[in-house]
Amino acid sequence: MSEQLTNEQLIQIANEFGTPVYVYNADKIETQYQRLSNAFGAERVKIFYAAKALTNLSVLRFIHHLGANVDCSSINEVKLALRAGFEPSRVLYTSNGIHFTEIEEALKLGVFVNIDSLSNLKKLGEKYGNQYPVGVRLRPNIMAGGNLKISTGHDRSKFGIPVEQLPQLMDIVKSSNIVIHNLHIHTGSDIKDADVFIKGIDVLFDIIPHFPDLKSIDLGGGFKVGYKEDDPVINIEELSQKVLAAFDAHEAARHLEIWFEPGKFIVSESGCLITSVNLLKETAATTFVNINSGFNHLIRPMFYDAYHRIENITNPEGAVNTYSVVGNICETDTFAWDRPLPEVREGDLLVFYNAGAYGYEMASTFNSRFRPAEVIVRNGKAQLIRKRDVFEDLIRNQVEVDLK
Ligand code: LLP
């Protein structure tokens with residue numbers, strides 16, 4: 001097993017499958033999952049992979065094979081997970097702002113659902129009473145996460161039922177005899193501090209006595225991975241130790257399962273995006289490197305100001321210069337401004353690391369450009385798991401009408 005693909009492997013993949021191409025190292029997905037299951041060794045801890053980070057069916061199938069459960073954020077993710085082989089009992093659907101019919105569809109597929117609004121909880125109670133045990137997603141009013149766009153538990157966030165609305169929630173639960181098996185919170189992504197989870201636990205522990213049927217507490221995902229070399233990351237072992245200690249110390253929580261929903265932690269570092277250099281443009285302010293990609297393929301730098309390590313894998317020993325790496329999209333799509341890189345030449349391959357999570361998954365066909373191909377490497381063997389779009393994909397669902 002190899003944690004890191006070599007430049008030679010990546011160059012070979014670029015030659016075989018073309019660029020831009022997302023490449024995932026399955027061995028790295030496995031080691032990340034093993035790290036989690038070793039850290040949270042306890043029987044009572046369940047890991048649900050947050051599929052939204054990367055939903056390719058072959059990746060889902062592999063993560064199922066590793067022994068994980070899966071957390072979904074739409075009915076289509078539920079269907080993808082089932083198609084990839086997850087048994088309904090291993091699928092969780094943490095819904096957010098959805099129409100009630102989607103909840104019904106998920107329940108009928110045998111999947112466990114976390115409900116995030118009083119409105120849908122009421123509809124569930126009125127239609128099904130105690131027929132389907134569910135979870136409720138609460139908003140704990142905690143500010144957490146790498147930036148406001150990915151912070152989901154604060155007191156102005158749309159996610160979950162605000163914890164101060166517990167009396168209304170209880171009225172609905174009691175009047176329809178709804179069976180609540182799980183309390184859920186997810187406070188954000190890029191959380192580096194284990195104590196954020198402890199803060200969330202404290203909020204939930206106070207309200208456990210209201211839910212006599214409770215079986216689990218779901219603390220969501222958000223474990224921070226390192227994008228820069230010296231980035232602080234979450235310490236999984238410390239997190240596990242603190243969380244287990246908190247549950248053991250609280251009488252009413254000792255019998256409960258503990259659930260987590262990590263996405264980035266499992267797949268982010270496994271993935272990279274290989275692009276090639278179209279041209280260089282010297283200007284007074286900077287030297288632009290135009291690559292054959294843009295925020296249509298990797299939106300994180302433009303959307304979150306995210307940093308991704310870039311390497312010039314076809315000239316790694318070149319003399320270092322400073323470049324601004326940009327795409328070919330019709331609006332600003334800067335991947336990196338004034339980044340030192342080994343001399344970049346037209347045709348060189350630039351690789352963006354740590355792009356396995358929310359990379360392909362947030363890609364679009366903006367400017368009518370094709371989404372990249374996806375390739376996975378297992379034990380040194382590279383296999384195509386999604387073809388690059390072709391022109392037909394752009395027009396497949398269009399209905400051409402004549403408006404003359
Ligand atoms: N559970 C729930 C309910 C979530 O909303 C999320 C992420 C996760 C789990 C998994 O979080 P993770 O472990 O991957 O941080 N596109 C952004 C991240 C948005 C995360 C949205 N929800 C990014 O690229 O940074």
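Please read all numbers here as calculations on a predicted model, not as lab measurements. Just follow the structure's listing: the first ligand is 1, and inside any ligand the first atom is 1. What's counted below: heavy atoms across the whole structure, side chains too, no hydrogens, waters or symmetry copies. In this chain, residues are counted from 1 in sequence order.
Close approach to K264 involves these atoms of ligand 1, each under 4.0 Å from a residue heavy atom: 12 (P), 13 (O), 14 (O), 23 (C), 25 (O). Near S189, meaning under 4.0 Å from any of its heavy atoms, are these atoms of ligand 1: 12 (P), 15 (O), 18 (C). Residue contact check: P262 has heavy atoms under 4.0 Å from atoms 13 (O) of ligand 1. Less than 4.0 angstrom separates some heavy atom of I150 from each of these atoms of ligand 1: 17 (C), 18 (C), 19 (C). Which parts of ligand 1 touch A50 is read off a 4.0 Å heavy-atom cut-off, strictly below it: atoms 8 (C), 9 (C), 10 (C). Heavy-atom contacts of D71 reach the following atoms of ligand 1: 1 (N) (cutoff under 4.0 Å).
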Requested in this report: Verify side-chain contact (heavy atoms from CB on, under 4.5 Å) between N25 and I29, making sure each step is shown before the conclusion.
Outcome: CA-CA 7 Å; N25 180 3; I29 296 177; over 6 Å; no
Report task. For N15 and I13, run side-chain contact (heavy atoms from CB on, under 4.5 Å): C-alpha distance rounded to whole Å, both residues' side-chain angles, the deciding distance at 0.1 Å, then the answer. Result -> CA-CA 5 Å; N15 289 340; I13 288 168; over 6 Å; no
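Taking all heavy atoms of K224, R137, E261 into account, the minimum distance to atom 10 (C) of ligand 1 is reached by E261. Of the candidates F265, Y304, Y227, F303, Y304 brings a heavy atom nearest to atom 17 (C) of ligand 1.
With respect to atom 12 (P) of ligand 1, the closest heavy atom belonging to the protein is G222 N, 3.5 Å. Summary of contacts: the protein heavy atom closest to atom 5 (O) of ligand 1 is K52 NZ, 3.0 Å. Looking at atom 20 (C) of ligand 1, its nearest protein heavy atom turns out to be Y358 OH, 3.6 Å.
With respect to D393 and R388, no salt bridge is recorded, no charged nitrogen being found less than 4.0 Å from a carboxylate O.
Applying the 6.0 Å contact sphere to NZ of K149 captures more than 12 heavy atoms from other residues, nucleotides or ligands.
Residues H186 and F159 keep their aromatic ring centres 6.0 Å or farther apart. Ring centroids of Y93 and F112 are separated by 6.0 Å or more, keeping the two rings apart. Aromatic pair H64/F86: centroids less than 6.0 angstrom apart.
The shortest N/O to N/O separation between G188 and ligand 1 does not fall below 3.5 Å. By the 3.5 Å distance cut-off applied to N or O atoms, M362 is not counted among the residues near ligand 1. Residue R300 has at least one N or O atom closer than 3.5 Å to an N or O atom of ligand 1.
Checking V203, L204, D202 one by one against P140, the side-chain contact (heavy atoms from CB on, under 4.5 Å) holds for a single residue, V203.
Proximity of H186 to ligand 1, defined as any heavy-atom pair under 4.0 Å, is confined to the side chain (atoms from C-beta onward).
In this structure, R339 fails the cation-pi test against Y323, since its NZ or CZ atom is not both closer than 6.0 Å to the six-membered ring centre and inside 45 degrees of the ring normal. Judged by a 6.0 Å distance limit and a 45° cone about the ring axis, K52 is not positioned over the six-membered ring of Y358.
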